[in-house]
Amino acid sequence: MSTNAARVAGRHFLQIPGPTPVPDRILRAMDMPTIDHRGPEFQKLGRRVLEGIKTIFKTENPVIIYPASGTGAWEAALANVLSPGDKVLMFETGHFATLWKNMAIKLGLKPDFIPSDWRIGADAEAIEAKLREDKNHEIKAVCVVHNETSTGCISLIPEVRKAMDAAGHPALLLVDTISSLASIDFRHDEWGVDVTVSGSQKGLMLPPGLSFNALSDKALAAAKKSSMPKLFWSWEEMLPHNEKGFFPYTPGTNLLYGLAEAVDMLHEEGLENVFARHDRHAEATRRAVRAWGLEVLCREPKYYSSSLTAVLMPEGHDADAFREKTLAHFDMSLGTGLTKLSGRVFRIGHLGDTNDLTILGALSGVEMGLSLAGVPHKKGGAQAAMDYLTERAAKPMKAAA
Ligand SMILES: *Cc1c(COP(=O)(O)O)cnc(C)c1O
């Protein structure tokens with residue numbers, strides 16, 4: 001193959017909050033001839049991934065796997081448990097919550113969208129107040145984004161569950177974990193979530209192309225009454241095939257090889273260690289941001305995300321002009337500001353297959369990029385992160401379960 005582009009040495013630094021870098025081990029696991037998806041060899045793979053993925057969602061119930069991006073799994077969640085005209089309660093955590101709300105409108109649902117300034121997670125008290133007002137139980141579902149990838153704020157799902165129970169309201173709880181699953185602690189069964197939505201290309205370290213719905217018994221019962229038209233997304237079409245290890249249509253076979261490997265890798269490290277690693281890299285990043293004299297967008301520590309950090313640009317400076325410098329000079333991609341935050345923030349992804357030196361490389365690139373772009377800041381952010389990671393490295397890790 002001939003190309004005029006100059007060779008770029010080393011690995012690209014993909015520091016966006018998804019898609020995330022795919023480990024070599026997963027790339028090798030997917031490097032397989034595609035097989036007959038109705039044959040016995042596939043059946044073994046099907047059974048392995050359908051069982052394995054439950055341990056990541058922490059559920060005993062079925063998990064549906066779609067050959068689709070996360071947006072597909074959003075639609076599947078709404079289409080399987082709701083009917084046109086149903087009211088849903090959603091919280092405006094940021095860009096992704098807004099897109100999910102817009103989708104609900106397109107599907108003929110009636111969202112009540114609780115507004116927010118995009119700098120905190122979902123406010124459980126506001127949700128409780130809305131549910132208490134809804135005496136006739138017209139609200140059929142509460143939809144919350146666990147990790148709002150546009151802002152770097154999480155929502156505290158156990159608090160939302162508690163608020164729903166305190167209001168004594170029967171609505172279903174639908175949670176988007178697309179950028180938190182396998183990065184930030186999440187427990188589908190224990191936290192009483194009815195439908196969990198997720199995707200392959202973030203914490204699971206896979207290429208884009210798979211997405212998920214984890215279910216509850218209550219969600220399965222609601223699916224029987226749903227009159228939303230669907231076929232591709234229908235759990236009822238999917239589940240009888242999944243019971244035998246198969247799919248009703250052609251699955252993303254090679255991505256499923258990768259998924260099996262990813263599940264093994266997460267358990268080899270130990271999920272607790274995976275979460276602790278993400279917490280550590282997030283804290284190192286926030287220390288760097290403070291040392292630069294810049295501001296983290298998330299304004300309350302209890303909502304800090306361990307998947308990514310959104311950083312506010314000083315007034316009069318464009319985040320995208322700065323991002324262009326880090327790409328041009330250091331071959332590093334940082335996340336852009338989305339819609340309301342366009343030009344005002346850049347996002348540092350620290351989820352997926354990241355280690356101490358990758359995050360330090362990324363933070364060094366940010367610090368150098370700030371200088372090149374003429375953004376006023378103090379030096380020493382990467383140093384502050386190094387100091388923190390050195391201190392943490394001196395503490396022993398827990399053994400994998
Ligand atoms: C990435 C992301 C999405 C969109 O997923 P796609 O795979 O791009 O369709 C939705 N919600 C959240 C929270 C995300 O991070």
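All heavy atoms count here, side chains included; hydrogens, waters and symmetry mates do not. Note that the structure is predicted; figures quoted are calculated from it, not measured.
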Taking only Lys NZ, Arg NE, NH1 and NH2, and the carboxylate oxygens of Asp or Glu, determine whether R11 and D331 approach each other closer than 4.0 Å.
no
Looking only at the aromatic ring of each residue, does the gap between the centers of F186 and H146 stay below 6.0 angstrom?
yes
Does the gap between the ring centers of F322 and F346 come in under 6.0 Å?
yes
Does either side chain, that of D387 or that of T390, offer a donor lying less than 3.5 Å from an acceptor on the other one?
no
Taking 4.0 angstrom as the limit, do D264 and R25 come out as a salt bridge?
no
Strictly below 4.0 Å, N to O, side chains only: are R323 and D320 in salt-bridge contact?
yes
Between T177 and T196, does any side-chain donor sit less than 3.5 Å from a side-chain acceptor?
no
Are the charged groups of K54 and D189 less than 4.0 angstrom apart, N to O?
no
Looking at D165 and R161, does any basic side-chain N land under 4.0 Å from a carboxylate oxygen?
yes
Does K87 count as lying over the ring of F113, i.e. NZ or CZ under 6.0 Å from the six-ring centre, within 45 degrees of the axis?
no
Minimum side-chain heavy-atom gap L363-W292 below 4.5 Å
yes
Going by atom types only, do H281 and S306 share a side-chain donor-acceptor pair under 3.5 Å?
no
When you check the gap from the basic side-chain N to the acidic O, do K130 and D123 get nearer than 4.0 Å?
no
For H350 and S307, test the side chains for any donor-to-acceptor distance below 3.5 angstrom and give the result as yes or no.
no
Can you tell me if E75 uses its side chain to pair, donor with acceptor, with the backbone of M103 under 3.5 Å?
no
Indicate yes or no: does K162 engage E128 in a salt bridge with an N to O separation below 4.0 Å.
no
